[in-house]
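In what follows, a structure is listed as structure tokens, so that the remarks can point back to it.
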Amino acid sequence: MCFIVSACISSWVAPSDLSYMVVRSGEYSLVTYQRISDSTSPIHIYIEGDGASFDSRGRPSSDPTPTGTFVRDLVARDPSPNVVYLARPCQYIMSRTCRQSDWTDGRFSHQIIDSMADAVSAIAQNRPVVLIGYSGGAMISGLIINNYPSINVQKWITIAGVLRHSDWTEYFGDMPLLRSMDMNELPKIPQVHYIAYGDQVVPNHLSRKWVSPQTPEMITNATHTYFPNLNIEF
């Protein structure tokens with residue numbers, strides 16, 4: 001069961017045409033910013049990255065809320081009539097049911113994906129959707145598409161996206177995400193994958209491996225959190 005209520009937030013000043021709303025989905029309260037003004041056009045839903053899952057010493061954080069505004073800034077610049085920013089569980093709002101595993105080894109668990117898919121479905125209201133996933137949000141969006149075909153996703157866009165977390169953790173020698181689902185194959189829908197030339201978080205060779213035989217769109221003078229020349233093609 002998922003429903004939407006209005007609320008307020010002071011950590012980021014949104015443009016006047018974006019409304020802050022909380023989507024209560026499953027066990028979580030998910031932060032969104034929404035501008036939906038056309039009942040027939042597709043809805044662009046941007047899914048946030050993993051946020052501050054770990055501290056500078058590699059220890060699990062007590063709050064996974066993103067410290068940057070990259071994804072929200074993308075939403076603010078999107079001129080489409082229907083645009084939504086969708087945060088991940090336990091970001092901004094620490095629900096009573098939040099557990100550390102929700103932003104560490106279980107960040108892509110069935111429970112998390114179910115909650116995110118429920119929120120996307122409630123926002124879309126059967127309208128066509130373009131899902132844009134940043135970093136770990138790419139995994140979230142891809143798993144939603146693969147596991148919830150009833151959601152009418154017309155296009156999938158990733159930015160600096162992790163598309164197979166087992167390869168990613170193995171490359172860095174990190175603990176595997178044992179409580180998480182992985183993506184064994186990419187969704188079979190139109191898609192574009194933007195990667196940053198200077199990305200040290202999601203290395204280019206992993207991105208090329210994941211999207212092969214498709215060619216990712218390389219953005220020069222960019223890093224994992226800085227895409228000055230990004231022009232998203234919808």
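Small disclaimer: the values here were computed from a predicted structure and weren't measured. Values below: every heavy atom of this structure, side chains too, minus hydrogens, waters and symmetry copies.
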At what distance, to the nearest 0.5 angstrom, does [atom1] of [X] lie from [atom2] of [Y]?
X	Y	atom1	atom2	answer
Glu217	Ile232	CD	CD1	11.5 Å
Thr97	Arg99	OG1	CZ	6.0 Å
Ile159	Thr225	CD1	OG1	12.5 Å
Leu86	Ile123	CG	CD1	5.0 Å
Ser115	Ile140	OG	CD1	9.5 Å
Ser135	Arg88	OG	CZ	8.0 Å

Quick one: does [X]'s side chain get under 4.5 Å of [Y]'s, heavy atoms only?
X	Y	result
Lys155	Pro128	no
Ile43	Val130	no
Ile47	Ile144	yes
Ile132	Tyr134	no
Ser180	His165	yes
Pro203	Tyr171	yes
Ile36	Gln125	no
Ile112	Asp102	yes

> Which of parallel (below 30°), tilted (30 to 60°) and perpendicular (above 60°) describes Phe234 and Tyr46?
Replying inline: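 Plane angle over 60°, so perpendicular.
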Quick one: does [X]'s side chain have a donor or acceptor within less than 3.5 Å of a partner on [Y]'s backbone?
X	Y	result
Ser53	Trp103	yes
Asn146	Glu185	yes
Ser95	Ser29	yes
Arg164	Val162	no
Asn82	Ser37	yes
Arg35	Ser80	yes
Trp168	Val201	yes
Thr32	Met21	yes
Ser212	Lys209	no
Asp38	Pro81	no

Heavy-atom pair with the smallest gap, counting every atom of [X] and [Y]:
X	Y	answer
Leu177	Thr104	CD2-O, 3.8 Å
Pro187	Ile145	CB-CG2, 3.5 Å
Gly26	Asp118	N-OD2, 4.2 Å
Pro15	Ala76	CG-CB, 3.6 Å
Val23	Ala119	CG1-CB, 3.9 Å
Asp50	Gly136	OD1-CA, 3.4 Å

Hey, quick one: are [X] and [Y] part of the same hydrophobic cluster, counting side-chain heavy atoms closer than 4.5 Å, chains of contacts allowed?
X	Y	answer
Phe70	Leu18	yes
Leu143	Ile151	yes
Ile189	Val129	yes
Ile157	Ile195	no
Met181	Met183	yes

> Passes side-chain contact (heavy atoms from CB on, under 4.5 Å), Ile93 versus Tyr28? Steps please.
Replying inline: CA-CA 8 Å; Ile93 298 175; Tyr28 306 100; over 6 Å; no
> Tell me the side chain to side chain donor-acceptor pair (under 3.5 Å) pairs involving residues 194-204, sequence neighbours left out?
Replying inline: Asp199-His224
>> Run Tyr92 and Val22 through side-chain contact (heavy atoms from CB on, under 4.5 Å) and show every step you take.
In response: CA-CA 10 Å; Tyr92 306 101; Val22 173; over 6 Å; no
So does [X] have more than 12 non-hydrogen atoms from other groups sitting under 6.0 Å from [atom1]?
X	atom1	result
Asp55	CG	yes
Glu170	CD	no
Tyr226	OH	no
Arg127	CZ	yes

>> Distance alone, cut at 3.5 Å: any donor-acceptor contact between the side chains of Ser61 and Asp63?
In response: no
> Do the side-chain N and O atoms of Gln91 and Glu48 include a donor-acceptor pair separated by under 3.5 angstrom?
Replying inline: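 Per modelled atom types, Gln91 and Glu48 side chains form no pair under 3.5 Å.
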>> Determine whether Met218 and Arg208 satisfy the following criterion, side-chain contact (heavy atoms from CB on, under 4.5 Å), listing intermediate values before the conclusion.
In response: CA-CA 10 Å; Met218 177 71 75; Arg208 294 186 182 282; 3.3 Å; yes
>> Is there a side-chain contact (heavy atoms from CB on, under 4.5 Å) between Asp182 and Met139? Walk through the geometry before answering.
In response: CA-CA 8 Å; Asp182 212 344; Met139 275 286 306; 3.8 Å; yes
